[in-house]
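The next block holds one structure in the form of structure tokens; read it before the comments.
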Amino acid sequence: MKSKFILLILLFSPSFVFSQNQIRKCIICHQKPNIHKVMATGIERSVYVDKKVLKNSVHRNLKCQDCHVDVTSIPHQGLKIGRVNCARCHFNGNNLGAPNSPMYQQFWESVHGKKFKADDPGAPRCQTCHGGHNVFKPSDSRSTVYKKNVPATCGRCHKKELKDYSGSIHGVAILQKGILNVPVCTDCHGKHDVYSSNMSASHTSKQNVPDTCSSCHDNYSLMRKFKLTTEQVHTYTGSFHGIALRFGEKTVANCASCHGTHNIRKQDDPASSINPVNIPKTCGQCHKGANKNFAKGKIHLNPENKDSGLVYYISNFFFWLTTLTMLALFAHILLDLRRKLKEKKEEKETHK
Amino acid sequence: MNTEKLKESISLRVADSVLKKIAGDLAIPRGRAGRRLRREAENLAYIEIDRLVTTMSDEIAGAVQPRVEARIRQILFADKPEESRMFNRFSLNIRTQHWVMAVSVIILVITGMPIKFSNAAFSAFILKLLGGIEVSRVLHRIGATGLIFVSVYHLFFIIFTKEGRANFKLMIPTPKDAADILMNIRYFLGRSREKPKFGRYSYIEKFDYWAVYWGCIVMICSGTVLWFNNFFMHNFPLLIQHVAKIMHSDEALLATLAIVFWHMYNAHLNPSKFPANMVIFTGKLSEEEMIEEHPLEYEQLTGHREEDQDEKK
């Protein structure tokens with residue numbers, strides 16, 4: 001009876017049963033929590049597989065051997081078993097189920113990919129960030145690359161950055177308050193396309209930082225949620241710093257020069273780089289010997305905003321001065337031109 | 001009249017009449033011997049004419065010279081009488097001040113406008129052409145130095161020189177200027193046949209002068225704050241930078257528009273001056289232009305002409 005039932009299932013969904021069978025075989029040993037192997041370097045490494053995790057992962061329908069291709073027999077003592085190569089399925093143009101994306105190629109050009117190619121032992125592989133048996137979709141809260149989990153994932157290697165970020169306004173918002181609108185590592189640095197900030201292609205290069213920040217800070221409806229304005233972006237792009245940066249000046253300040261990178265904090269936070277107490281130090285990075293006068297007044301001042309006071313009135317004064325003066329001058333020019341052309345015409349006629 | 005033919009025919013006519021008279025007095029035989037005699041007479045006549053003209057050349061010249069000279073004098077002075085009277089409008093000093101300022105302002109506008117309109121396509125193009133923002137910033141400071149220099153020089157000019165003081169006094173707006181504006185507008189509209197009579201400086205030129213005066217004060221003061229930003233941020237609140245920036249940027253646009261449209265039209269591009277007014281190059285104005293454009297100054301100058309010349313000496 002039982003064998004008949006299995007046969008029936010085998011007929012209708014062969015792969016499912018087959019994979020279950022395969023996993024069942026491997027899992028006999030690999031479900032033991034203390035199972036481990038000894039690496040060539042002498043380090044012991046756990047090879048334990050949590051069956052529940054694997055069954056829920058995006059790869060639940062795959063056989064063990066689909067990834068661990070060099071395991072050809074059980075038991076596999078004496079076999080050389082290498083790392084799983086995700087690119088066997090995850091390449092652009094594969095139509096057998098793995099999602100298509102240019103990301104795979106981007107990884108090889110990224111700072112991580114280049115280090116990996118150079119055999120840097122610290123360089124991350126796909127599994128380093130995405131997990132081995134516990135691969136979930138990024139939208140799944142169990143995923144290591146789920147937005148809220150990204151800081152911890154990157155922070156496994158980038159420890160100082162994680163520490164700075166955790167105390168920052170962005171970090172506190174997502175890690176403590178669970179607000180998912182704020183940026184995590186990948187929102188600023190890119191996902192697979194993480195480049196060194198020295199490279200012009202990097203999202204965090206000197207010239208690209210304003211664009212990266214304004215992808216959120218120029219979004220009016222998003223900023224309104226947090227009672228922020230988008231003015232900072234426009235006042236920066238209109239300032240000498242912003243203009244010079246766009247024209248390729250390398251030494252001029254961008255958003256990060258003043259606000260910091262991982263440790264961006266609210267102005268009233270004493271640890272903030274833009275807290276009035278810290279302004280002399282922050283401005284002093286470029287403006288040597290900056291003093292507390294640098295902190296007297298707003299940097300992001302919008303002349304079109306009435307709150308700007310004096311600057312608003314000067315701006316309006318010049319607008320009307322220019323408009324009225326030029327209107328009067330143009331009227332005078334046109335009247336003079338009309339009269340002079342008329343005179344010339346009359347002169348010609350009398351000469352005839 | 002063709003004088004080449006005339007030159008030939010004079011001696012020819014004299015020789016002809018000599019031969020005719022000889023033929024009347026003497027019976028010259030026909031045939032070969034007669035022809036030889038006639039040729040001999042013709043040759044002798046030419047030799048005698050030549051001798052006579054040579055000996056009398058001074059007398060002939062004396063008789064011809066006054067008649068020719070009278071006619072040439074007539075041509076010289078009757079056809080172009082006004083060219084003999086040019087008026088000095090701008091001295092070399094004034095013209096030099098103008099050109100130092102003009103070149104400085106052109107440099108300032110070319111290097112400044114791309115910063116004001118940094119999003120426009122032409123800005124990136126101009127800055128690329130100049131060699132980037134690093135170069136354009138240096139050029140802007142060179143232009144600024146020129147402008148500051150000429151402004152300070154001008155202050156000394158209007159305070160310490162006789163020419164400067166006299167010209168500055170004439171630049172001060174008077175009630176007559178207001179009346180002139182109204183009169184000119186009536187004239188433009190055809191309500192009045194009479195043009196306002198301007199002195200040395202019309203209200204148009206006075207506007208130009210005072211616009212530059214105001215512009216230089218605003219641009220130099222605000223520009224200095226921006227140039228030496230570290231010094232000013234050290235000693236004054238940050239607000240001064242914002243104030244300087246907005247004034248520098250807005251006044252720059254007003255000044256550029258006024259120069260490009262108002263000054264260029266009134267000085268060069270209007271139909272009576274088109275395509276260019278040479279007075280700023282030569283410093284000289286013709287009598288006709290003086291009567292047309294500065295009738296009051298013309299009256300004053302021609303009324304006290306001796307005095308004027310004495311002053312120059």
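Predicted, not measured: the structure shown is a model, and the values here were computed from it. A, B, ... follow the sequence lines: proteins, then strands. Residue 1 opens every chain.
- More than 12 heavy atoms of other shown residues, nucleotides or ligands fall within 6.0 angstrom of atom CD in A:Q285.
- One N or O on the side chain of B:H234 and one on the backbone of A:G289 form a donor-acceptor pair closer than 3.5 Å.
- For chain A, the nearby part of B:F236 is the backbone; its heavy atoms alone come within less than 4.5 Å.
- With a threshold of 4.5 angstrom between heavy atoms, B:L127 approaches chain A through side-chain atoms but not through N, CA, C or O.
- Counted within 6.0 Å of NZ on B:K116, heavy atoms from surrounding residues, nucleotides or ligands total more than 12; the atom is thus considered enclosed.
- Rounded to the nearest 0.5 Å, atoms CD1 (B:I133) and CZ (A:R246) are 9.5 Å apart.
- Judged by distance alone, the side chain of A:K344 and the main-chain N or O of B:P271 form a donor-acceptor pair under 3.5 Å.
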Any chance you could lay out the side chain to side chain contact (heavy atoms under 4.5 Å, CB included) test for B:S136 and A:F247, step after step, and finish with the verdict? CA-CA 11 Å; B:S136 82; A:F247 288 128; over 6 Å; no
Where do B:D250 and A:F319 land on the side chain to side chain contact (heavy atoms under 4.5 Å, CB included) test, with the steps shown first? CA-CA 8 Å; B:D250 288 356; A:F319 173 79; over 6 Å; no
Apply side chain to side chain contact (heavy atoms under 4.5 Å, CB included) to A:F240 and B:K245, showing your working. CA-CA 9 Å; A:F240 181 73; B:K245 192 200 152 196; 6.0 Å; no
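- The CZ atom of A:F294 lies 8.0 Å from the CG atom of B:L238; values are rounded to the nearest 0.5 Å.
- Both the backbone and the side chain of A:L337 come within contact range of chain B, with heavy atoms under 4.5 Å apart.
- The distance from atom CG of B:N184 to atom CG of A:D336, rounded to the nearest 0.5 Å, is 7.0 Å.
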Audit row: B:F117, A:I243, side chain to side chain contact (heavy atoms under 4.5 Å, CB included) steps and yes/no: CA-CA 9 Å; B:F117 299 102; A:I243 292 165; over 6 Å; no
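- Looking at B:I204, only its side chain comes within 4.5 Å of chain A, counting heavy atoms on both sides.
- Heavy atoms from other residues, nucleotides or ligands lying under 6.0 Å from CZ of A:F330 number more than 12.
- B:N119 touches chain A through backbone and side chain together, each having a heavy atom under 4.5 Å away.
- For the options B:N235, B:I185, B:N230, heavy-atom pairs under 4.5 Å to chain A are most numerous at B:N230.
- At a 4.5 Å heavy-atom cutoff, the contact between A:K288 and chain B is made by backbone atoms alone.
- Distance alone, capped at 3.5 Å, places no donor-acceptor pair between the A:R339 side chain and the B:L189 backbone.
- Proximity to chain A (any heavy atom under 4.5 Å) is shown, for B:Q241, by neither the backbone nor the side chain.
- Contacts between A:K298 and chain B at a heavy-atom distance below 4.5 Å involve the backbone alone (N, CA, C, O).
- Among B:G132, B:A124, B:S118, the residue making the largest number of heavy-atom pairs under 4.5 Å with chain A is B:S118.
- Minimum heavy-atom separation, B:S272 to A:K340: OG-CE, 3.3 Å.
- Taken to the nearest 0.5 Å, the NE2 atom of A:H332 stands 4.0 Å off from the CZ atom of B:F188.
- When heavy atoms are compared at a cutoff of 4.5 Å, A:T325 approaches chain B solely by way of its side chain, counted from C-beta outward.
- For chain A, the nearby part of B:Y265 is the side chain; its heavy atoms alone come within less than 4.5 Å.
- Around the OH atom of A:Y220, the shell of radius 6.0 Å holds no more than 12 heavy atoms that belong to other residues, nucleotides or ligands.
- Both the backbone and the side chain of A:A244 come within less than 4.5 Å of a heavy atom in chain B.
- If you look at B:F231 and A:H287, their ring centroids are not closer than 6.0 Å.
- To the nearest 0.5 Å, atoms CG (B:L239) and CG (A:L310) are separated by 5.5 Å.
- Separating the CG atom in B:N266 from the CD1 atom in A:I333 is a distance of 6.0 Å, to the nearest 0.5 Å.
- Between chain B and the options A:E343, A:K292, A:R338, the largest number of non-hydrogen pairs under 4.5 Å is found for A:E343.
- A:E346 CD: more than 12 foreign heavy atoms inside a 6.0 Å radius.
- Proximity to chain A (any heavy atom under 4.5 Å) is shown, for B:K273, by neither the backbone nor the side chain.
- Annotation for B:H242 and A:V311: closest pair CB-CG2, 3.7 Å, computed over non-hydrogen atoms.
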